[in-house]
Amino acid sequence: MSMQSSLPGNSQTIPIKKGLVGLANGATKIDTALSSEIMGLTALNKGNIFVASKLTAGAQQLSRITDKSKNASYLASPVKATTTDDAKVPNNGTGMAPFAIAIGLFVGGIAVGTIYDAYTPGKKPNSFLTWWSAKMLIVGSVGLTQATILYFIMTRVIDLTAKSNINLFLLLIVGSLTFLSIIFCLRILLGGFGTWLITIILVLQLSASSGLYPIQLTSHFASSLTPFLPMTYLIDGLRHAISLGGSIGTDLYVMFFVILLTQMLILIKIFISVRTNKFSFMNSVALKDKVKNNG
């Protein structure tokens, strides 16, 4: 018989009964907490035993290791890092050379395109092939001269060491002709707008031709433009010629295709000009000059 039930049921004993109920609940919670504490102490004790056994086993293993300097060095440096270079270059300048060369050739092409008029004939042309060959012969000669001078400076003056000097010289020639073809094609076909477009192409190639940083580190917009920029293939070919080695066939094929395409567009423009007698006025001008000179 519990103490609560033994108390008389009147208004004076009701608070006492409630207090006894609360006291019983509290005792139950204390008992539960004590049980949890005992379980925790038991787990802690097991953990201590486990750690002690592992420490003892570790101490026994260490006691079998001699204290020679060789063993000490193994313990101090258990892992040795080895660095290998797939394409070792002597300095940063050699690594940046492909990008700098490509920029130099393109800027040189812009300078030539600004100075030389590769469209207006000296006299009324009778054949579009004669007109085209006369103009492009000068442009090609400038491109070849530019590439030759650049090759001489790199190999004889600054002592640039390349994997293949033949591939390097070939790429300089093809790259120079490619850029000159693009520049004169845009100027002949589009005039002043073509000159503005050349500047835009140069700016895009500075950031999207993977010359400074790998394509993986560029934005999605820049990486999507990379395959369509001619400087991408010249830089890649120069890297193989200077430091990587290997084939440059793909890069040459792409640049030859660009040269062929731009020259075909120039030929079409000149052909249309001849068929429409765009420069027919030059006959009368030449005749007046001849009469004036004879007089």
Side-chain angles (χ1 to χ4, degrees), residues 98-121 128-129 131-151 167-212 215 221-239 241 248-273:
F99 180 67
I101 293 169
I103 294 298
L105 289 175
F106 199 90
V107 173
I110 293 176
V112 175
T114 305
I115 297 171
Y116 180 65
D117 183 1
Y119 177 61
T120 306
F128 73 97
L129 285 176
W131 180 5
W132 169 82
S133 60
K135 291 293 185 179
M136 291 303 111
L137 180 61
I138 296 176
V139 174
S141 299
V142 172
L144 180 60
T145 302
Q146 178 182 235
T148 303
I149 293 174
L150 183 57
Y151 176 78
N167 287 347
L168 176 61
F169 186 57
L170 179 61
L171 284 165
L172 291 177
I173 295 174
V174 177
S176 179
L177 295 178
T178 300
F179 292 158
L180 286 171
S181 295
I182 294 171
I183 291 168
F184 279 102
C185 178
L186 292 176
R187 285 179 58 83
I188 292 172
L189 267 63
L190 303 176
F193 178 74
T195 303
W196 174 82
L197 193 59
I198 292 168
T199 306
I200 299 302
I201 293 175
L202 174 61
V203 173
L204 290 175
Q205 291 185 132
L206 290 175
S207 59
S209 60
S210 66
L212 287 174
I215 188 175
F221 173 74
S223 61
S224 62
L225 291 177
T226 301
F228 304 100
L229 298 175
M231 194 175 289
T232 299
Y233 301 96
L234 177 58
I235 291 175
D236 182 70
L238 289 171
R239 282 176 176 159
I248 59 172
T250 301
D251 302 308
L252 290 176
Y253 292 149
V254 173
M255 288 188 286
F256 278 130
F257 173 77
V258 173
I259 293 173
L260 179 62
L261 176 63
T262 51
Q263 290 301 317
M264 287 296 297
L265 293 174
I266 293 174
L267 267 173
I268 293 172
K269 172 69 175 180
I270 293 176
F271 175 77
I272 293 174
S273 299

Please check if the side chain of [X] supplies one atom and the backbone of [Y] the other of a donor-acceptor pair under 3.5 Å.
| X | Y | result |
| --- | --- | --- |
| Thr232 | Phe228 | no |
| Ser176 | Gln146 | no |
| Lys135 | Pro121 | no |
| Arg239 | Pro98 | no |
| Trp131 | Phe271 | no |

Distance check, rounded to the nearest 0.5 Å: [X] atom [atom1] versus [Y] atom [atom2]?
| X | Y | atom1 | atom2 | answer |
| --- | --- | --- | --- | --- |
| Ile149 | Leu172 | CD1 | CG | 12.0 Å |
| Thr262 | Phe257 | OG1 | CZ | 10.0 Å |
| Ile110 | Thr199 | CD1 | OG1 | 6.0 Å |
| Ile173 | Leu150 | CD1 | CG | 11.0 Å |
| Leu267 | Leu129 | CG | CG | 6.5 Å |

Looking at side-chain heavy atoms only, is the closest gap between [X] and [Y] below 4.5 Å?
| X | Y | result |
| --- | --- | --- |
| Asp251 | Leu234 | no |
| Leu186 | Thr195 | no |
| Ser210 | Phe99 | no |
| Phe184 | Val112 | yes |
| Thr250 | Asp236 | no |
| Phe106 | Ile198 | yes |
| Ile259 | Leu180 | no |

Could you report the tightest heavy-atom contact between [X] and [Y], atom names first, then the distance?
| X | Y | value |
| --- | --- | --- |
| Ala118 | Ile188 | O-CD1, 3.8 Å |
| Leu171 | Ala241 | CD1-CB, 3.9 Å |
| Ser181 | Gln263 | OG-NE2, 3.1 Å |
| Thr178 | Pro230 | CG2-CB, 4.3 Å |

**Prompt:** What's the verdict on side chain to side chain contact (heavy atoms under 4.5 Å, CB included) for Phe169 and Thr148, showing C-alpha distance, side-chain angles and the deciding distance?
**Reply:** CA-CA 8 Å; Phe169 186 57; Thr148 303; 3.9 Å; yes
CA sep, side-chain torsions, deciding dist, call: Tyr119, Arg187, side chain to side chain contact (heavy atoms under 4.5 Å, CB included) = CA-CA 9 Å; Tyr119 177 61; Arg187 285 179 58 83; over 6 Å; no
Result for side-chain contact (heavy atoms from CB on, under 4.5 Å) between Met231 and one of Leu105, Leu206, Ile103 points to Ile103
Could you check Phe128 against Ser273 for side chain to side chain contact (heavy atoms under 4.5 Å, CB included), going step by step and ending with a plain yes or no?
CA-CA 8 Å; Phe128 73 97; Ser273 299; over 6 Å; no
*Can you find a side-chain donor-acceptor pair between Ser209 and Tyr233 that sits under 3.5 Å?*
no
> Is the gap between the ring centers of Trp196 and Phe193 under 6.0 Å?
Replying inline: yes
